[in-house]
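Here the structure is a predicted model, which means the values were calculated and not measured. Within every chain, numbering begins at 1; the chains are lettered A, B, ... in the order of the sequence lines, protein sequences first and strands thereafter.
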Number of protein chains: 2
Amino acid sequence: MSKHTPRHRKGTDQPTLAQVAEMAGVSSITASRALNSPERVSDTTRQRVLDAMDHLGYVPNLVAGSLASSRSRFIAVIVPSLANAVFIEVIKGLQSTFESAGYQILLGNTDYDIEREHQLVRTFLGWSCSALVTAGLRHTHACHKLLKDCDRPVMEVMELGEALDLNVGLDHVAAGRTMARHLLDKGYRRPVYVGARLDDDYRAQLRYSGHAEVLREADIAPLVLELDQLGSLEEGMKGLERVRNEHPDADAIHFANDDLATGALLHALRLGMRVPDDIAIAGFNGLPLGQFTTPRLTTIQSPRDTIGRLAAKEVLSRLEGKRVTRRQHDVGFELVVGNST
Amino acid sequence: MSKHTPRHRKGTDQPTLAQVAEMAGVSSITASRALNSPERVSDTTRQRVLDAMDHLGYVPNLVAGSLASSRSRFIAVIVPSLANAVFIEVIKGLQSTFESAGYQILLGNTDYDIEREHQLVRTFLGWSCSALVTAGLRHTHACHKLLKDCDRPVMEVMELGEALDLNVGLDHVAAGRTMARHLLDKGYRRPVYVGARLDDDYRAQLRYSGHAEVLREADIAPLVLELDQLGSLEEGMKGLERVRNEHPDADAIHFANDDLATGALLHALRLGMRVPDDIAIAGFNGLPLGQFTTPRLTTIQSPRDTIGRLAAKEVLSRLEGKRVTRRQHDVGFELVVGNST
DNA sequence: CGCTAGCATGTTAGCGCTAACATTGTTGTA
DNA sequence: TACAACAATGTTAGCGCTAACATGCTAGCG
């Protein structure tokens, strides 16, 4: 015979919907509806409920709501780095669109580690996120499976290719080709591609492969040089130094991004080098920074804000149940010719 | 007489702990413990449970766990803007520290609107966040109350002052004074303070008040000029133009931040002006950008990464139940004299 | 050999909310 | 007048997990 000592759990001592409902003299489901589907409750009742909420300082417990409805208004956003302005701008685009649709962003940072991505995906799925947005098409096998089977919109951004579900980005190989062609057209014959951690930042590697392809077609052996830090002015400076030491006859540097390129450009000017006469410098991204230097940086403008906004818009259409016709969107890119090449 | 048609709810069709437990031949609480307090389960049992989880592709439902335990491992982080590198760096500092302690960051962006902050605080409390970190000491009355009564660590960062609970930041008035003094020491007598949206970015306003104070002590009437965009190179360029039109005799510009200052500096160089001879330029923040120009920008270095890390560390101590002795930490600042003043 | 301490595991009862179905009253219409 | 259609509200039963208490078993001790 078990004795029935009544158990007690702590909970938060916040007011609950039931208390609000009692105060307003309605059932708790009515109080719930007053908040979540106000059109299903009469005006007078709704007002009484809202007054009671105000009075008690009620804050809805979204965890409980989420469990009951098995929907959270979370969007998981997974990026490889916060140090790079590119991802920040994509996040901004995503955030403004999702927040105005009443979704909350759950931000995860992988530090360019796909194992970490897998872990983040698990966590976010555990929070019943409504959709996932992740940078890139490369995942661990397990993560790929998880994303494929998770039965909610999955958006892969930044690059185009064979995607799991939705895909917004640009063709990085083509971008690399475009810049390499520009350099050849301008008469440079000994360009060096300088990136950092290319195994991790494989989009930079894709751009390099486009670059190398064009050079080989012109019978020029491609040269590549790899740095340690992904995108900083400081590291760009080191990049310039290393090119001067290791490839003293180089006539152009094609940097993997604008941060590196601008760092090198400003350093070159400081050393009294003439850009582009002594050495030409090109970047990738089209950050404002590079457009404020003298000479202006030659770069490739990527529509980062557009990626964020478009990705969010497509995910929202899916969440609203609309049939999505196009799963893939190429946002393109634009060669911006400055005076540094 | 009610008929008892058995009801069915959908849920997610994901495997549950109960299924894992059944497969492993244990009760669900044991399966739960195998994950959350492994030291309370024997090695063999734990292994059987973990195998079953693997086999079923189990992903823990964190929403349910959170509801049951009324703890969420979320840290709410509220910043006024993502456009500003300063907040990004603070976020990075917070993120790396919290993530390695197993907490997930919930990011909110107020766009410098304290009503929006209030709304975000409500949402995040609704998610049972373990702690809140917010930028600044100014809140709506209702938000202040909510934060005061929410019974979890609240950390206010960026500026020092009368805080709700924990506080990590620096003295912006003193920073403004320091830069103004530097300008006077260097012999400038007609400096203009240039900021943007000072009512919203009230920390810039605080710096101005320090600046103005020092000028008045030297019997110089402070001048201020207000721009529309908070921090962009482009807007800094406009700032320089406006100063030239509206205060043609100005000999120095004290910008509210380095983005504006650097934009003005690069623009001045492009126009062929001599800096600091024709006009001196100073900033605030110590972004790498300003240290790469020629001349280097005079600015005030704020330890942004430290703010993030220290804030996270203090919050974690509190979450781990340690008695916190100091609620307030002044991270200080440092005048960095470049060649632009 | 009885007793206690402690470890491994189980039973029960919620956490606070909402889906699904049920009930009541009110209106329109043939 | 009867009845369908609908609008407003209520009842019940979970969502999947873990806190709190309960139990059984082994080891250690005088």
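Distance A/Q14 CD to C/dG16 C1': 12 Å, rounded to the nearest Å. Rounded to whole angstrom, the span from the CZ atom of B/R71 across to the C1' atom of C/dC15 amounts to 12 Å. Put simply, CG on B/L67 is 12 Å from C1' on D/dA19, counting in whole angstrom units. Between the CZ atom of B/R73 and the P atom of D/dC17 there is a distance of 17 Å, given to the nearest Å. What separates CG of B/D13 from C1' of D/dC15 is a distance of 14 Å, to the nearest Å. The distance between atom CG of B/L17 and atom P of C/dT9, rounded to the nearest whole Å, is 15 Å.
Near DNA chain D, meaning a heavy atom under 4.0 Å away, the residues from residues 26-61 of chain B are B/I29, B/S32, B/N36, B/Y58, B/N61.
In summary, B/D51 and B/R48 do not engage in a salt bridge, as defined by a charged side-chain N under 4.0 Å from a carboxylate O. Checked for salt-bridge contact, B/R116 and A/E99 meet the test: a charged N lies under 4.0 Å from a carboxylate O.
Within the 3.5 Å criterion, the main-chain N or O of A/Q328 finds no donor-acceptor partner in the side chain of A/N167.
Counting heavy atoms from C-beta on, the side chains of A/Q104 and A/R73 never come closer than 4.5 Å.
Between A/L137 and A/Y202 the shortest heavy-atom distance is N-OH, 3.0 Å.
Partner of B/V121 under the side-chain contact (heavy atoms from CB on, under 4.5 Å) criterion, out of B/I78, B/T110, B/T140: B/I78 alone.
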- [ ] Take A/E117 and A/R122 through the test salt bridge (Lys or Arg N to Asp or Glu O under 4.0 Å) and record every step on the way to the result.
- [x] CA-CA 9 Å; A/E117 185 198 30; A/R122 278 179 60 93; over 6 Å; no
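Helix bend of the helix from C/dC1-D/dG30 to C/dA30-D/dT1: the angle between its two end axes, each built from five pairs, comes to 40° after rounding to 10°.
Taken from OH in B/Y103 to OG in B/S130, the straight-line distance is 5.0 Å, to the nearest 0.5 Å.
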